Protein chains: 2
Amino acid sequence: MKAFDTAETSFDSHTHDHRRCVRSALQTAEALCQQHGVRLTALRRRVLELVWTSHCPVGAYDLLEMLSKDQGRVAPPTVYRALEFLLANGLIHRIESRNAFVGCPHPQEAHAGHFLICRVCGAAAELSDPGIEATLDQRAGELGFFVEAKTVELRGLCKGCRARRPDGGEQSA
Amino acid sequence: MKAFDTAETSFDSHTHDHRRCVRSALQTAEALCQQHGVRLTALRRRVLELVWTSHCPVGAYDLLEMLSKDQGRVAPPTVYRALEFLLANGLIHRIESRNAFVGCPHPQEAHAGHFLICRVCGAAAELSDPGIEATLDQRAGELGFFVEAKTVELRGLCKGCRARRPDGGEQSA
DNA sequence: GGCGATAAGTTATACTATAACATTATCACG
DNA sequence: CGTGATAATGTTATAGTATAACTTATCGCC
């Protein structure tokens with residue numbers, strides 16, 4: 001597996017052309033679902049698009065509200081089922097420490113998502129680092145533990161937010 | 001920092017003398033709170049003791065129910081406030097992927113908790129591995145990210161549960 | 001004993017997630 | 001086509017997790 005990260009695009013939401021992210025994500029999703037013989041229905045596609053509105057993890061009830069703007073009234077299971085599908089097919093990741101969801105930028109390759117999450121701008125950047133994987137797997141292995149799923153979430157300040165407010169978000173004195 | 005893990009004691013709840021774990025945790029907590037000039041009140045102490053009933057992460061509402069057995073009726077803020085205190089003082093950890101809490105076996109040293117969580121027996125073992133820390137910090141650092149908090153949770157099968165049911169918990173055929 | 005600060009009690013409510021069952025859409029096959 | 005199996009969505013209700021806001025009690029200190 002090759003190293004991979006999205007810190008540049010994720011923590012730079014203001015300047016990069018985010019529509020490209022979205023378009024690309026949807027295209028990849030279409031192709032991948034086709035290839036796997038699963039159905040990216042209009043609803044699922046729309047939820048994926050909504051998750052991709054930004055690089056910030058978005059909550060299920062936020063999605064619910066956004067969805068309600070299109071369709072009329074929407075109930076929780078609708079969005080949770082779409083999320084379940086997207087998770088199962090690796091198109092999004094769940095951020096456990098926020099109860100929220102974020103688009104996966106490289107769903108082609110099966111992988112656990114490792115995240116840097118900025119507490120100021122809220123963006124989540126995905127890492128995929130063979131070093132991290134290897135270290136974790138090795139340590140678990142030594143203890144006889146068989147790993148099925150990994151959650152790695154680092155919270156703090158991204159480069160940009162650090163530069164803008166070195167104190168980390170307090171009002172400036 | 002030295003390497004550290006609790007896989008033996010955590011994944012071996014049936015055979016080890018768990019009362020010793022509890023007693024030791026409470027003693028350490030007393031000492032530490034004294035030392036830091038914070039108050040381990042009867043309530044907080046009791047909640048810590050309840051969290052330590054086992055090596056399995058326990059939910060806030062489970063604690064609520066247990067507490068109600070002692071005291072009469074107890075409302076959520078009571079237990080959440082105690083948990084908040086215990087978290088702030090490093091006496092317990094929060095397991096994000098379960099919305100649950102587990103006692104910290106070495107609260108003397110400030111550290112992020114890294115966990116192995118068995119999906120069969122439910123126990124959570126804490127790792128503290130300089131290698132993991134270093135790898136994560138380094139990778140974040142390269143991307144200009146300042147890490148304030150880490151969540152590392154590996155879910156799967158512990159050694160014992162693997163031996164008992166290689167399939168991982170399905171009914172045997 | 002009175003005062004300020006910290007902790008706990010109380011009530012209400014917000015947020016997150018799923019169970020269970022009814023209905024509709026899709027697709028393979030005859 | 002039609003029809004029946006399967007998958008997807010709609011609907012209603014409820015379970016599970018967490019916090020806001022305000023009141024009362026307790027502690028430590030002068």
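Lettering of chains follows the sequences in order, A, B, ..., and the numbering in each one begins at 1. Not measured: the values here are computed from a predicted model.
- Within the 4.0 Å cut-off from OP1 or OP2 of dA8(D), at least one side-chain nitrogen or oxygen of R44(A) is found.
- A donor N or O paired with an acceptor N or O is found under 3.5 Å between the base of dA18(D) and the side-chain atoms of Y61(B).
- Side-chain N/O atoms of R81(B) include none lying less than 4.0 angstrom from OP1 or OP2 on dA21(D).
- Applying the 4.0 Å criterion to OP1 and OP2 of dT16(C), one finds that N99(B) has every side-chain N and O outside that range.
- The base of dG9(C) does not come close enough to the side chain of R73(B) for any donor and acceptor atom to sit less than 3.5 Å apart.
- For the pair T78(B) and dG9(C), the criterion of a side-chain N or O lying under 4.0 Å from OP1 or OP2 is met.
- For dG28(D), the base has no donor-acceptor partner in the side chain of R39(B) [N/O atoms by modelled type, under 3.5 angstrom].
- Between R94(B) and dA18(D) there is a side-chain N or O to OP1 or OP2 distance below 4.0 Å.
- For T41(A) and dT9(D), the shortest distance from a side-chain N or O to OP1 or OP2 is below 4.0 Å.
- Listed pair Y80(B) / dA18(D) meets the phosphate criterion, a side-chain N or O lying under 4.0 Å from OP1 or OP2.
- Across the protein-nucleic acid pair, R45(B) atom CZ and dA7(C) atom P stand 17 Å apart, rounded to whole Å.
- Side chain of D62(A) to backbone of G59(A): a donor-acceptor contact under 3.5 angstrom is found.
- Straight-line distance from the CG atom of L64(A) to the P atom of dA14(C): 16 Å, rounded to whole Å.
- Along DNA chain C, the nucleotide closest to P76(B) and the one closest to Q71(B) are compared, and the more 5′ of them pairs with Q71(B).
- The distance between atom CG of L83(B) and atom P of dA8(C), rounded to the nearest whole Å, is 12 Å.
- Rounded to an integer number of Å, the gap from CD1 of I95(B) to P of dG16(D) is 20 Å.
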Would you please test R46(B) and E49(B) for salt bridge (Lys or Arg N to Asp or Glu O under 4.0 Å) and show each step?
CA-CA 5 Å; R46(B) 179 64 177 141; E49(B) 187 178 14; 3.3 Å; yes
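- Sequence order on DNA chain D of the closest nucleotides to A42(A) and A100(B) puts A42(A) first from the 5' end.
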Where do E126(A) and H93(A) land on the side chain to side chain donor-acceptor pair (under 3.5 Å) test, with the steps shown first?
CA-CA 10 Å; E126(A) 185 169 348; H93(A) 293 285; 3.2 Å; yes
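- Ring pair H16(B)/H55(B) is tilted by interplanar angle, where 30° to 60° counts as tilted.
- Between the side chains of H114(A) and E133(A), at least one donor-acceptor pair of N or O atoms lies under 3.5 Å.
- The separation between L67(A) atom CG and dT11(D) atom P is 13 Å, rounded to whole Å.
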